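Since the structure comes first, as structure tokens, the remarks are kept for the end.
Throughout, numbering of the chain's residues begins at 1 and tracks the sequence. Just so it is clear, the values below take in all heavy atoms, side chains as well, and ignore hydrogens, waters and symmetry mates. Since the model is a prediction, treat every value here as computed from it, not as a measurement.
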Amino acid sequence: MSALKSLQWEKGELVLLDQTKLPDEIAYIRCNSHEQVAEAIKVLAVRGAPAIGVAAAYGMVLALQQGLAKGLSGKDLAAYFEEAGKRLDAARPTAVNLSWAVKVMTELFHHTEESRALSVLTEKAQAMEEEDKHLCDAMADNGARLFAGKKHLRILTHCNTGALATCGIGTAFGVIYRLHERGQIDCVYADETRPLLQGARLTGTELMANHIPCRLISDNMAAYVMAHEHIDAVITGADRIAANGDSANKIGTYGLSILAAYHHIPFFITAPFSTFDFSISSGKEIKIEERNPEEVRSYHGVLAAPKDMPVLNPAFDVAPHELITGIITEKGVLTPPYDAAIKKYERSLQL
Ligand code: MRU
């Protein structure tokens with residue numbers, strides 16, 4: 001696996017690879033405050049559901065460090081810490097991994113003696129980072145098993161779900177990586193993923209760095225590619241999965257799920273437990289992030305439309321459960337009927 005790391009905890013600071021600069025530049029942002037982490041999440045310097053979850057966990061550690069440095073204790077420290085949690089949580093609304101991580105850290109803070117809180121919370125964030133690596137490996141193994149004995153696979157993927165989006169080899173990208181390790185990949189078709197080009201800039205970088213045979217396509221080529229390029233499967237990640245299997249992911253994923261169904265191509269979602277929102281019954285309850293219109297009107301400051309043209313810019317959409325062939329998790333592959341499969345999966349997490 002190439003050495004690109006989305007984040008690193010270094011001597012009380014969170015070092016983020018600034019993904020807005022890729023592939024032109026390898027630049028890092030050193031965060032010593034939770035405000036900086038929230039801003040980095042907002043501008044997509046760190047992005048991808050699992051990576052923003054872990055970044056937020058470290059953001060909570062920084063908040064505690066800041067509170068202690070201000071001399072706060074007791075109720076005042078708790079209030080400061082909770083306020084920081086709200087700020088981090090509000091940075092992006094769709095990926096549930098973010099609020100999951102903030103919640104885990106907040107509960108841990110309230111159950112820990114103040115004198116030990118900083119070391120306990122730091123260890124927890126580090127454990128989340130380490131756990132994410134193992135989750136990625138388990139998803140990769142479970143996903144690759146679906147293609148056992150198959151060679152010359154052609155996989156279409158969307159957005160970026162690799163090392164840059166996680167703390168390990170990735171979710172959907174992890175499956176692709178594992179299949180490549182086993183010599184089963186003929187070609188990965190990477191959607192460029194407008195408007196911010198996570199597919200071209202980030203997945204492109206990861207595919208090339210790992211010498212995985214690939215071709216870049218613009219998003220509007222997906223139907224053509226499915227009709228003419230013998231695609232074996234579409235595999236994407238997710239940002240929030242409802243209890244009925246409806247899965248929110250980068251804008252364009254819904255369209256891919258429809259196209260895949262039309263072309264009789266299996267469509268898989270890959271995600272760990274922290275991407276499931278067991279509290280919502282369907283995708284209708286998922287809040288879709290609406291981003292800055294400038295992202296659609298221009299790219300890297302170069303206008304591609306009239307400068308005041310009205311824009312619609314939802315960052316995510318929801319693939320309906322009935323179009324999803326399977327959801328690849330760390331515990332195995334969930335298949336329809338999803339409400340029962342997801343209930344069973346949720347129970348298995350509580351054991
Ligand atoms: O807006 P982004 O770049 O954070 O969107 C990322 C995605 O949609 C990914 O597919 C998803 O987070 C899964 S990442 C393993």
Side-chain angles (χ1 to χ4, degrees), residues 6-7 9 14 34 37-38 40-42 44 46-64 81-112 120-136 138-139 161 165-168 170-171 237-250 269-283 285-289 315-316 318 327-331 334 342-343 345-351:
S6 55
L7 56 84
W9 182 248
L14 180 64
H34 70 276
V37 178
I41 292 173
K42 223 179 253 174
L44 311 196
V46 60
R47 30 69 50 206
I52 60 178
V54 176
Y58 281 119
M60 294 299 275
V61 175
L62 292 172
L64 183 54
F81 186 75
E82 277 169 23
E83 214 36 57
K86 282 188 199 145
R87 188 181 198 129
L88 284 160
D89 200 2
R92 294 194 78 190
T94 304
V96 70
N97 310 58
L98 178 55
S99 36
W100 165 78
V102 169
K103 193 165 158 239
V104 168
M105 297 303 271
T106 306
E107 277 169 14
L108 186 60
F109 172 78
H110 286 300
H111 287 98
T112 308
V120 170
L121 264 67
T122 306
E123 276 165 29
K124 182 66 186 175
Q126 286 167 327
M128 280 183 184
E129 181 184 345
E130 188 59 27
E131 179 184 41
D132 193 52
K133 272 186 212 144
H134 299 299
L135 293 169
C136 287
M139 286 183 277
T161 62
T166 64
C167 301
T171 58
D239 285 79
R240 190 182 294 245
I241 302 175
N244 70 344
D246 291 350
S247 299
N249 190 49
K250 178 53 55 196
I269 292 285
T270 311
F273 74 91
S274 50
T275 302
F276 283 76
D277 186 345
F278 303 107
S279 74
I280 56 169
S281 57
S282 86
E285 293 171 68
I286 299 176
K287 185 166 179 351
I288 300 294
E289 177 183 9
F316 300 93
V318 178
I327 303 176
I328 301 164
T329 75
E330 72 280 16
K331 297 234 175 197
L334 311 183
I342 291 176
K343 259 201 195 94
Y345 172 63
E346 184 183 10
R347 276 198 300 273
S348 77
L349 297 171
Q350 287 153 0
L351 295 177

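Between Leu349 and Phe276, every side-chain heavy-atom pair lies at or beyond the 4.5 Å cut-off. Within the 4.5 Å cutoff, no side-chain heavy atoms of Lys124 are placed close to those of Phe109. Taking 4.5 Å as the limit, every side-chain heavy atom of Thr161 sits out of range of all side-chain heavy atoms of Thr270. Side chains of Glu346 and Phe273 form no contact here, defined as non-hydrogen atoms less than 4.5 Å apart.
The CG atom of Leu135 sits 10.0 Å away from atom NZ of Lys331, with the distance rounded to the nearest 0.5 Å. To the nearest 0.5 angstrom, Ile342 atom CD1 is 8.5 Å from Asp246 atom CG. Taken from CD in Glu330 to CG in Asp132, the straight-line distance is 10.0 Å, to the nearest 0.5 Å. Here Met60 contributes atom CE and Lys103 contributes atom NZ; the two are 12.5 Å apart, rounded to the nearest 0.5 Å. Going from atom CD1 of Ile286 over to atom CG of Asp277 covers 7.5 Å, rounded to the nearest 0.5 Å. Distance check, rounded to the nearest 0.5 Å: CG of Leu62 to CG of Leu121 gives 11.0 Å.
What you find for His34 and Leu88 is that their closest heavy atoms are O-CD2, 3.8 Å. The shortest non-hydrogen separation linking Ala63 to Ala84 is CB-CB, 3.4 Å. Shown here for Thr171 and Pro272, the closest heavy-atom pair between the two residues is CG2-CD, 4.1 Å. Contact detail for Leu7 and Ala55: the closest heavy-atom pair is CD2-N, 3.8 Å. Ala271 and Ile241 make their closest contact through CB-CD1, 3.7 Å (heavy atoms, listed as atom of the first residue, atom of the second, distance). For the pair Ala56 and Val102, the tightest heavy-atom approach, listed with the atom from each and the gap, is CB-CG2, 4.2 Å.
A side-chain N or O of His110 and one of Glu82 form a donor-acceptor pair less than 3.5 Å apart. Side chain to side chain, Ser282 and Asn244 fail the donor-acceptor criterion of an N or O pair below 3.5 Å.
Tyr345 and Phe278 have tilted rings, their planes meeting at an angle from 30° to 60° on a 0 to 90° scale.
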* To do: Would you please test Met128 and Trp100 for side-chain contact (heavy atoms from CB on, under 4.5 Å) and show each step?
  => CA-CA 11 Å; Met128 280 183 184; Trp100 165 78; 4.1 Å; yes
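Between the side chain of Lys250 and the main chain of Ala315, a donor-acceptor pair closer than 3.5 Å is present. Counting only distance, with no hydrogens or angles, the side chain of Ser6 and the backbone of Thr166 share a donor-acceptor pair below 3.5 Å. With hydrogens and angles ignored, the 3.5 Å screen pairs no side-chain donor or acceptor of Thr94 with any backbone N or O of Arg92. A distance-only check finds no donor-acceptor pair linking the side chain of Arg240 to the backbone of Val318 [under 3.5 Å].
A salt bridge links Lys133 with Glu130: at least one charged nitrogen is closer than 4.0 Å to a carboxylate oxygen.
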